[in-house]
Number of protein chains: 2
Amino acid sequence: MRRPKKERQRLLGLLLEENPFLTDEALSEHFTVSVQTIRLDRLECRIPELRERLKTVASRTMNGEVKSLHLDEIIGDIVDLELDAKALSIFDVTEDHVFQRNGIARGHHLFAQANSLAVAVMDDDLALTVKSTIHFVRPVKAGDRVVARAEVEKESLTANRTLVNVVSTVHDETVFTGEFYMYRTTDGKLGESL
Amino acid sequence: MRRPKKERQRLLGLLLEENPFLTDEALSEHFTVSVQTIRLDRLECRIPELRERLKTVASRTMNGEVKSLHLDEIIGDIVDLELDAKALSIFDVTEDHVFQRNGIARGHHLFAQANSLAVAVMDDDLALTVKSTIHFVRPVKAGDRVVARAEVEKESLTANRTLVNVVSTVHDETVFTGEFYMYRTTDGKLGESL
DNA sequence: TTGGAATTAGTACTTGGTATTAAACCTAGT
DNA sequence: ACTAGGTTTAATACCAAGTACTAATTCCAA
């Protein structure tokens, strides 16, 4: 599935943040574009080459800056994304995400998945969550694969505010729903600055 | 100072364990031998080349072989707690918690702190969050110390449902508020079972 | 002084890139 | 219809940091 440039570049960034080990070669196959295109993308997005990425990741390890790396991680793999429209991510719940006592996933992981997705679906690099109402409909257990679907409310697409609805399911059964009122910080094409 | 082979190789191993970022070139200067000698040394000692070393160090980071502790951890340090009444936790925001683009903390970390606190304040080992409405009142930056205060709504202390209000502040200024509707799974003092 | 270990040198080849130039391909606008 | 611009590919030269291999040189001790 050939994606438009802008979308491809966003996904490229997200992908490499999760997996910095991918070579341009591998990326070109993933996006079914040429290696040169990937290199142009990295250039535009100021994403360094594989070796530089590994160097910084490794140095983070050596300096013990790892402590909370996963905290900043985008929770869940974003597998589909249409800017300002909809997006989908998958999050595999492991033992690490649940209360030992009852094996039920801690709420903030489900929230993190949904929130990350809401941020990602916005066509704005600096989007922020302003307000949110969420429901934990059914408990989620370790081993469950949570599929989160985000949909942008078209009619809410005003200058600065946007409503994103997220529904998370396990085996087609709703486990979580959330409304995310997002704030777009850029009002135009200022995305490239900074 | 020219050291004998055996000693040099021993030092080589120690050196690279501490600092895997050194190239053969740098090492050859350090030991004042030729690059080829260093390569023979690495070969004999089965020390991989720079890139391989960085790859493994970096993968250690990514695979969370260093992380572990935090995932299930309660986010923020709970410094005060009165069961079924109120609780307080402190969370220091670091670079790891913010968007690189604008230095603002990702929402799900603030949520995680508040949610963890709401769960902790309940006098029930198996309390779950059912529903929540939250406001991100003001952006939080790296370096900020977020103080979250949870208060149990006394009149809501019914059999199974409880409302917990959380207000998070930075320097006495409110940055986040949340209402957490909690579900108690045990209806009495069965908390110790399981 | 001579023989084997240790060291150094030199060459060809590999990966995963950068940098640059140029061609080809769409696609929207007047 | 046709051109201009953005986008994508291609092609080439070059680099860093190596491996793999061969060969020459140096050292040092029996």
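A note on names: the letters A, B, ... follow the listed sequences, proteins ahead of strands, and every chain is numbered from 1.
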Can you identify which nucleotide, out of [options], has its nearest atom closest to the [X] side chain?
X	options	result
B/T37	C/dG17, C/dT8, D/dT19	C/dT8
A/V33	D/dT9, D/dT19, C/dA9	D/dT9
B/L50	C/dA9, D/dA17, C/dG17	D/dA17

Review point. Base, sugar-phosphate, or nothing: which does B/R53 touch, judged by heavy atoms less than 4.0 Å apart?
Key: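 It contacts nothing in the nucleic acid.
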Review point. Which is true for B/L40 with a 4.0 Å heavy-atom rule: it touches a base, it touches only sugar-phosphate, or it touches nothing?
Key: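 Counting heavy atoms under 4.0 Å across all strands, the contact made by B/L40 includes a base.
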Review point. Hey, what do you get for NE2 (A/H135) to CD (A/E179), rounding to the nearest 0.5 Å?
Key: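 Here the interatomic distance stands at 8.0 Å.
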Exercise for review: To the nearest 0.5 angstrom, please state how far the CD1 atom of B/I47 sits from the CG atom of B/L16.
Suggested key: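 B/I47 atom CD1 to B/L16 atom CG measures 5.5 Å (nearest 0.5 Å).
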Check your understanding: Can you check side-chain contact (heavy atoms from CB on, under 4.5 Å) on A/V57 and A/F21, steps first, answer last?
Key -> CA-CA 10 Å; A/V57 172; A/F21 299 86; 5.5 Å; no
Practice item. Could you give me the CA-CA distance, side-chain angles and deciding distance for A/D84 and A/R184, then say whether side-chain contact (heavy atoms from CB on, under 4.5 Å) is met? Key: CA-CA 11 Å; A/D84 277 342; A/R184 335 177 80 85; 3.1 Å; yes
Can you give me the N/O atom pairs linking the protein to nucleotides 3-6 of chain C at distances under 3.5 Å, or say none if there are none?
unit_1	atom_1	unit_2	atom_2	d
C/dA6	OP2	B/K5	NZ	3.2

Point to revise | Audit row: A/V93, A/H109, side-chain contact (heavy atoms from CB on, under 4.5 Å) steps and yes/no | key: CA-CA 9 Å; A/V93 178; A/H109 296 126; over 6 Å; no
Could I get a table of every N or O pair under 3.5 Å where one atom is in the protein and the other is in nucleotides 24-30 of chain D?
none

Roughly how many Å is it from [atom1] in [X] to [atom2] in [N], rounded to a whole number?
X	N	atom1	atom2	value
A/E49	C/dT15	CD	C1'	11 Å
A/D24	D/dA10	CG	P	15 Å
B/F31	C/dT7	CZ	P	12 Å
B/L22	D/dG18	CG	P	10 Å
B/F21	D/dG18	CZ	C1'	17 Å
B/R46	D/dG18	CZ	P	19 Å
B/E52	D/dG18	CD	P	11 Å
A/K6	D/dT7	NZ	P	11 Å

Check your understanding: Do B/V130 and A/V167 share a hydrophobic cluster, counting only Ile, Leu, Val, Met, Phe, Trp and Tyr and linking them when any side-chain heavy atoms are less than 4.5 Å apart?
Key ->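 No, separate clusters.
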Check your understanding: Are B/V98 and B/V137 connected in the hydrophobic side-chain network, where two residues link if heavy atoms are under 4.5 Å apart?
Key ->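 No; B/V137 is not reachable from B/V98 via cluster members.
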Point to revise | Those residues that, when tested against B/E173, pass salt bridge (Lys or Arg N to Asp or Glu O under 4.0 Å) (two or more places apart) | key: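 In terms of salt bridge (Lys or Arg N to Asp or Glu O under 4.0 Å), with neighbours along the sequence ignored, B/E173 is linked to B/R138.
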Point to revise | Plane angle bin for B/F180 and B/F111 - parallel if under 30°, tilted between 30 and 60°, otherwise perpendicular | key: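 Rings of B/F111 and B/F180: tilted, as their planes differ by 30° to 60°.
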Practice item. Any pair with a residue in residues 140-152 of chain A that passes salt bridge (Lys or Arg N to Asp or Glu O under 4.0 Å), sequence neighbours left out, goes on the list, sorted by first then second residue, please. Key: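 Pairs touching residues 140-152 of chain A that pass the test: A/D92-A/R145.
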Review point. Does a nitrogen or oxygen in the side chain of B/R42 sit under 4.0 Å from OP1 or OP2 of D/dT19?
Key: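 Yes, such a contact exists.
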Point to revise | Salt bridge A/K55-A/E52, side-chain N to carboxylate O under 4.0 Å | key: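 Salt bridge between A/K55 and A/E52, a charged N being under 4.0 Å from a carboxylate O: yes.
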Would you tabulate the pairs of protein nitrogen or oxygen atoms and nucleotide nitrogen or oxygen atoms of nucleotides 11-16 of chain D closer than 3.5 angstrom?
unit_1	atom_1	unit_2	atom_2	d
D/dA16	N3	B/R51	NH2	3.3

Exercise for review: For A/F176, enumerate each residue passing the ring-ring contact (aromatic ring centres under 6.0 Å, His included) test, keeping only those at least two apart in sequence or located in another chain.
Suggested key: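 Residues passing ring-ring contact (aromatic ring centres under 6.0 Å, His included) with A/F176: A/F136.
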